[in-house]
Amino acid sequence: MDSKTEINRKISVAPMMDCTDRHDRFFLRLMSKNVMLYTEMVATKSAIHGDRKKILSFSKEEKPLALQVGGSNKGELAEVAKIAEDMGYDEININLGCPSKKVQKNKFGACLMKEPELVAECIDSMVNACKIPVTAKTRIGFDDVENFDYLNNFIRQMRDAGAKTFILHARKAMLSGLSPKQNLNIPKLNYNMVYKIKKENPNLEIIINGGITKVSEIKDHLNHCDGVMIGRSIYQNPYSLVEIEKEIFNIDNSPTREQVVQKLLEYLDKEVKEGTKVNHIMRHTVGLYHGQVGSKEWKRYLSDNMMARDSDFQKAKHIMTIVQNNEKANQTSQ
Ligand SMILES: Cc1cc2nc3c(=O)[nH]c(=O)nc-3n(C[C@H](O)[C@H](O)[C@H](O)COP(=O)(O)O)c2cc1C
């Protein structure tokens, strides 16, 4: 597979477990050719010993694409970096931001912020194992540590090991006392900390993440950072990518929602023949009509029909009926 796809990290969609799987990424790509995409986090052991086709395969349409990995074993991380390169991924990203108990037990994610030397060794072994960029996604602090010098030293140690791009979720991680969901909302956002990291390290690529939903906010952040990563708001309202294409990348000929569904149904047809379940693809489209006339009907239609058994998958084709009805409703309401 061609691994020389150009990478532009001005806007990226955040890695999200149970959300940004290969079907979701294919769907998102129908609306944006320019954003950078990330896989869900894959543990090193799964990537090495698991069913590689199931866990790591992707369609070439998804590129440019980064594999996000979770781990802290240098040898395993190096092996996964090489696997990622060989499979045609454009970047390998290490997760240093997930605070979940399970992830901590396996010694990866945000708890690694406590061990900058170990992280630097991990980065070094990945950099030496592949030619694709090795990047890191982390938080601005953990527990009672939310300190510029600590974060800056952490980043500089990773820089010295060979990483040049850092994605900073602008809130600290609480390693105990908060659920993963609370950890995405309760610690306060501190964008200034990220801006300051960029200011003090002008040669590093600094991507800001956390709580960003509007194009106006994206534009503001781009005055201080190299890129913006967005997670939940794109998953909830995927068609907002079209606005991003227009406002940030000056692309005007984006597809309508109906054209997106048409293309996705072609993909669905092919995938179902290969054994994929209808709902594994269509579940990612629940938010496609977010804020539109017919949004409720779309959601109801999906929940009534997307559990169609594979043998019965022709039912999914009826999704087009509601798409066309929505199109008419939207035209008359404009
Ligand atoms: C459902 C869900 C799953 C997530 N899974 C991951 C993950 O696998 N790896 C990771 O680095 N971050 C993960 N995150 C965190 C996001 O990448 C992102 O940092 C966070 O949601 C903040 O960005 P947002 O406010 O734009 O959503 C997840 C977030 C959510 C909501």
Side-chain angles (χ1 to χ4, degrees), residues 9-22 24-25 28 35-44 46-47 55-56 65-72 77 80 84 89 91-104 106 108-113 119 134-142 158 163 165-175 178-191 193-194 206-218 220-222 225 227-238 240-241 244 283-284 286-287 290:
R9 300 189 188 83
K10 198 167 183 182
I11 309 291
S12 48
V13 180
M16 287 179 286
M17 286 293 243
D18 296 325
C19 299
T20 52
D21 63 14
R22 68 186 179 93
D24 184 49
R25 297 186 310 255
L28 298 176
V35 296
M36 181 71 190
L37 297 178
Y38 287 76
T39 67
E40 308 160 90
M41 181 184 71
V42 177
T44 47
S46 314
I55 300 168
L56 296 180
L65 176 64
L67 173 65
Q68 190 189 56
V69 65
S72 58
L77 283 163
V80 177
Y89 282 94
E91 169 185 328
I92 176 109
N93 174 271
I94 182 167
N95 182 328
L96 305 170
C98 178
S100 90
K101 280 274 167 296
K102 191 174 159 211
V103 159
Q104 286 188 55
N106 290 312
F108 46 88
C111 64
L112 292 173
M113 290 190 81
V119 171
V134 175
T135 68
K137 179 170 181 283
T138 188
R139 300 267 188 148
I140 55 167
F142 59 93
M158 291 191 271
T165 301
F166 299 91
I167 301 158
L168 299 178
H169 182 175
R171 50 165 71 88
K172 68 178 178 179
M174 297 302 289
L175 297 171
L178 293 186
S179 69
K181 196 170 173 199
Q182 289 172 322
N183 252 308
L184 293 172
N185 298 307
I186 292 180
K188 272 215 188 78
L189 285 162
N190 182 350
Y191 294 135
M193 180 86 101
V194 181
I206 304 295
I207 313 293
I208 193 164
N209 166 245
I212 302 162
T213 60
K214 297 192 188 77
V215 165
S216 58
E217 294 166 356
I218 295 176
D220 282 349
H221 289 301
L222 288 175
C225 301
V228 173
M229 174 180 268
I230 306 168
R232 289 165 289 181
S233 85
I234 287 182
Y235 195 77
Q236 283 151 17
N237 180 12
S240 61
L241 281 174
I244 288 174
R283 72 189 182 95
H284 299 301
V286 169
H290 182 92

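In listed order, ligands and their atoms are each counted from 1. What you see is a predicted model, and the numbers here were worked out from it, not measured in a lab.
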Does some side-chain heavy atom of I230 sit less than 4.5 Å from a side-chain heavy atom of I244?
yes
Would you tabulate the side-chain donor-acceptor contacts of residues 166-174 under 3.5 Å, counting partners in other chains and residues two or more places apart, or write 'none'?
residue	atom	partner	partner atom	Å
H169	NE2	R171	NH1	3.0
R171	NE	P187	O	2.9
R171	NH1	L184	O	2.8
R171	NH2	L184	O	3.4
K172	NZ	D143	O	2.5

Contacts of R9 meeting salt bridge (charged side-chain N to carboxylate O under 4.0 Å, His left out) (sequence neighbours excluded), chain-then-number -> E91, E205
Could you tell me, for ligand 1, which of its N or O atoms are under 3.5 Å from any protein N or O, listing the pairs and their distances rounded to 0.1 Å?
residue	atom	partner	partner atom	Å
ligand 1	5 (N)	M17	N	2.9
ligand 1	8 (O)	M41	N	3.3
ligand 1	9 (N)	Q68	OE1	2.7
ligand 1	9 (N)	N95	ND2	3.3
ligand 1	11 (O)	Q68	OE1	3.4
ligand 1	11 (O)	Q68	NE2	2.8
ligand 1	11 (O)	N95	ND2	3.3
ligand 1	11 (O)	K137	NZ	3.0
ligand 1	12 (N)	P15	O	3.4
ligand 1	12 (N)	K137	NZ	3.1
ligand 1	14 (N)	P15	O	3.4
ligand 1	17 (O)	P15	O	2.8
ligand 1	17 (O)	K137	NZ	3.0
ligand 1	19 (O)	K137	NZ	2.8
ligand 1	19 (O)	N209	OD1	2.6
ligand 1	23 (O)	N209	ND2	3.0
ligand 1	25 (O)	G211	N	2.7
ligand 1	25 (O)	R232	NH2	2.8
ligand 1	26 (O)	G231	N	2.8
ligand 1	27 (O)	R232	N	2.8
ligand 1	27 (O)	R232	NE	2.8

Looking at S233, is its backbone amide N or carbonyl O close enough to the side chain of Q236 to form a donor-acceptor pair, meaning the two atoms are under 3.5 Å apart?
no
For residues 96-103, which side-chain N or O atoms pair as donor and acceptor with protein atoms under 3.5 Å away, sequence neighbours left out?
residue	atom	partner	partner atom	Å
S100	OG	V103	N	3.2
K101	NZ	L175	O	2.9

Between the side chains of N209 and R139, does any donor sit under 3.5 Å from an acceptor?
no
